[in-house]
Structure formats: structure tokens, C-alpha cells
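To start, the structure itself, in C-alpha cells.
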Amino acid sequence: MTAPGTTRGKFITLEGIDGAGKSTHLSWLEGILRDRGKTVIVTREPGGTPLGETLRELLLYRSQAMHAETEALLMFAARREHLDKVILPALDRGDWVISDRFTDASFAYQGGGRGLATQKLDELEYWVQGEFQPDLTLYFDVTVEVGRKRINAIKAADRFEKEQDEFFQKVRDAYLERAHKFPQRIRVIDANQSLEEVKKSVEIIILSIC
Ligand code: TYD
């Protein structure tokens, strides 16, 4: 519960297919909010807690294949901890939280990419977070081709980044479908544009909620 006299912080999530450039935008986004006097917590999924980071290691870097439902359950298990230990306490203190990915990623990757039924994901979402949703989600939209070029340029590929273009096309389609379903919360940013143009678009959106 938020203490009397404290305004609850806002929860902002960043989404996109691998290589969309979210991480690049995260640090200056944090800077904009700090400049506006906000206390900002930056975190990520899967991860954000010691247990969550251990699950991340299993999900991203152990090469063994797993059932799509196992993958989804582990993502939501990490999320449960993340909400309980990091996100909700910070918002209650009045801090702002930026998370590099959240539940939309499960709908896009496990739903779109792996083909899990949306209804199962809806149930897990409700179980883990009830009605709780981010205040704002920035979805950085790039074509699979652009995303692929940027992944190759950065580092050794993790278990998701090793997937084929067809997988990423399904992930992207699922993200766009979610953005269409929740137009108030999810703002689509054309991240095929230059860095400066992307920054400008993000800044306008962020300043409108500060
Ligand atoms: P990512 O956010 O791209 O981190 P990095 O920039 O270090 O590569 O990696 C997280 C991966 O986890 C990404 O490929 C998407 C995947 N993921 C899911 O499949 N489902 C989820 O619910 C979440 C949060 C992430």
C-alpha cells in the first residue's frame, strides 16, 4: 500500500523483438525521468531478483530444449518474484520503475513465437498479476531483417536469438496485435528510423505522462 501523502510511482515497460534497440533507449529514458525529479528503478525480465536472474540463466543460456509451457511457467515464476520483491514495493514508495520487458513479451514470444494458446497465457497473467498492468508500454517496432542485423552486431546469440526469421516474424505480429488490442497502454514506436528520430518520439510520449 502507498503511504499516505505519497503518490504511487509509474510502471513503464519496454518491448520489441530481439535487436529492436530497447536497451539503447533505456539509459537515456532513465535520464529524462531523473531530470524530472523521479527516483527511477531500472530492471529487466526475465530477471530482476536473485531467483529471477537464475531463471534467466536457465531460460536464455542453457541450451537444452524445453516445452513451450515450461518456458512460459518459468517466465511467469520469475515475474511473480519480480512483482513481489521489486516492482510493487518500488511503486508503493513512489518510485518509477522501468522494466526491460514484461508480460507482453510472454504473449509475443511464448504465444506468438511458440504457439501457446492466448487463453493459457491470460490465465497465468491473471494468476500472477491480477488486474495489474504497466502504466505505459513502449513497443519498439522493427522489421525482422533490421532486428537480425542488429543482433548479429552485438554479442553471442542467446537461446531466443538463435531462432529463425519465421519465429521473429510471429513474435513481431503478436506484439502488433497486442498493441492494437491495448492502444491506450502500448505505444508503437517505429524503431527502423534513425536513433535521433526514435528518441524524439519517445521523449514526446514520456513527457506527456510526467
Ligand atoms: P533481451 O531482453 O533481448 O535481453 P538482451 O538484450 O540481454 O539479449 O532477452 C530476453 C529474452 O527473453 C528475449 O529473447 C525475449 C525472451 N522473453 C520471453 O521469451 N518471454 C518473456 O516473458 C520475457 C520477459 C522474455
Side-chain angles (χ1 to χ4, degrees), residues 11-27 29-30 42-49 51-83 85-87 97-118 120-129 132-134 137-142 144 146-178 186 191:
F11 182 39
I12 302 173
T13 60
L14 271 50
E15 299 283 356
I17 62 169
D18 290 83
K22 335 165 251 91
S23 313
T24 313
H25 299 294
L26 208 151
S27 57
L29 178 59
E30 181 188 0
V42 174
T43 186
R44 67 175 180 182
E45 289 208 351
T49 64
L51 176 57
E53 290 295 324
T54 305
L55 291 171
R56 180 184 180 93
E57 178 69 25
L58 292 175
L59 282 159
L60 268 60
Y61 301 109
R62 299 291 171 88
S63 52
Q64 77 256 34
M66 61 179 88
H67 193 284
E69 290 183 359
T70 309
E71 194 174 271
L73 288 163
L74 291 176
M75 293 290 179
F76 276 97
R79 183 161 301 132
R80 187 69 195 88
E81 283 301 297
H82 197 202
L83 279 163
K85 305 272 183 338
V86 178
I87 300 171
V97 179
I98 308 176
S99 185
D100 188 344
R101 299 192 187 282
F102 191 61
T103 306
D104 294 306
S106 302
F107 282 90
Y109 282 78
Q110 283 65 56
R114 304 278 192 233
L116 261 190
T118 305
K120 287 196 171 162
L121 294 166
D122 281 336
E123 283 168 13
L124 285 176
E125 178 186 41
Y126 190 71
W127 194 35
V128 163
Q129 64 195 71
F132 177 80
Q133 290 294 334
T137 297
L138 299 174
Y139 165 59
F140 294 91
D141 185 53
V142 286
V144 171
V146 167
R148 170 74 63 201
K149 276 191 199 135
R150 291 187 189 158
I151 297 174
N152 292 344
I154 306 169
K155 57 174 175 59
D158 64 39
R159 203 167 59 82
F160 290 97
E161 289 162 348
K162 286 182 187 146
E163 290 290 343
Q164 303 299 312
D165 287 356
E166 192 195 340
F167 174 85
F168 287 111
Q169 189 58 56
K170 288 192 244 168
V171 173
R172 182 185 182 208
D173 291 345
Y175 267 128
L176 287 169
E177 202 181 306
R178 275 224 25 112
I186 306 179

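Both counts, for ligands and for their atoms, begin at 1 and track the order of listing. Owing to the predicted nature of the structure, the values given are computational and were not obtained by experimental measurement.
- Within 6.0 Å of atom CD in E177, 12 or fewer heavy atoms from other residues, nucleotides or ligands are found, so the atom counts as exposed in its surroundings.
- Nearest approach of S23 to D100, heavy atoms of both residues: OG-OD2, 3.6 Å.
- In this structure, K22 does not pair ionically with E15, as no charged nitrogen and carboxylate oxygen lie closer than 4.0 Å.
- Within 4.0 Å of ligand 1, protein heavy atoms come from D18, K22, S23, E45, P46, R56, L60, M75, R79, R101, A105, S106, Y109, Q110, K155, D158, F160, E161.
- Side-chain contact, Q133 with E125: a donor N or O sits under 3.5 Å from an acceptor N or O.
- The six-membered or imidazole ring of F132 lies near that of F11, with a centre-to-centre distance under 6.0 Å.
- Cation-pi geometry between R79 and F102 is met: under 6.0 angstrom from the ring centre, within 45 degrees of the axis.
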